[in-house]
Amino acid sequence: ENNFVDIAGIMMGKLADHLAEKGITLTYDKDVLSHIAKCAYSEKYGARNMNRYIERNVEDKIAEALIEHDINGVSSICICVQNQTIEIAVNC
């Protein structure tokens, strides 16, 4: 499972790089990566589901937050896990 946490880290790093290009800092901790690895891994598909999971549970929430807060006013996004759910905070 550790290598799945590493894969989640790589995928989240790419997302962080993408947001950095727009002047937005993305922060998250190891708990977020562990949560993604645990929820997205499947015996049948391995880590393939991880990309889809990140799109639905991280990227979609970030997009909603950016729309809600006007993207120009957003300088940082923080991600954490609360009650087994990924939570997003803006300008944290």
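Any value given below was found using the heavy atoms of this structure, including those in side chains, with hydrogens, waters and symmetry copies removed.
- Heavy atoms only, all atoms of each residue included: I36 and A8 are closest at CG2-CB, 4.0 Å.
- Here CG of D29 is found 8.5 Å from OG of S34. Values are rounded to the nearest 0.5 Å.
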From CA spacing to verdict: side-chain contact (heavy atoms from CB on, under 4.5 Å), L26, I62 = CA-CA 10 Å; L26 178 67; I62 288 173; 4.2 Å; yes
Distance-only check: which donor-acceptor pairs under 3.5 Å involve side-chain atoms of residues 76-86, not counting sequence neighbours?
from: S76; atom 1: OG; to: C92; atom 2: N; distance (Å): 3.1
from: S76; atom 1: OG; to: C92; atom 2: O; distance (Å): 3.4
from: Q84; atom 1: OE1; to: K38; atom 2: NZ; distance (Å): 3.2
from: T85; atom 1: OG1; to: N83; atom 2: O; distance (Å): 3.2

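- Here the side chain of D60 pairs no donor or acceptor atom with the backbone of A63 at under 3.5 angstrom.
- N51 contributes atom CG, which lies 4.5 Å from atom CE of M11 (distance to the nearest 0.5 angstrom).
- Taking CD of E59 as the start and CD1 of I88 as the end, the distance is 10.0 Å to the nearest 0.5 Å.
- For the pair L66 and I24, the minimum side-chain heavy-atom distance is below 4.5 Å.
- Listed here is the closest heavy atom pair of A65 and V90: CB-CG2, 3.6 Å.
- Under the 4.5 Å side-chain criterion, counting only non-hydrogen atoms from C-beta, L15 is not in contact with D17.
- Side-chain contact check for R56 versus R52: some heavy-atom pair is nearer than 4.5 Å.
- Environment of NE2 in H18: sparse, with no more than 12 heavy atoms of neighbouring residues, nucleotides or ligands closer than 6.0 Å.
- Taking each heavy atom of M50 and A37 in turn, the nearest pair found is CE-CA, 4.2 Å.
- Counting heavy atoms from C-beta on, the side chains of Y53 and H35 come closer than 4.5 Å.
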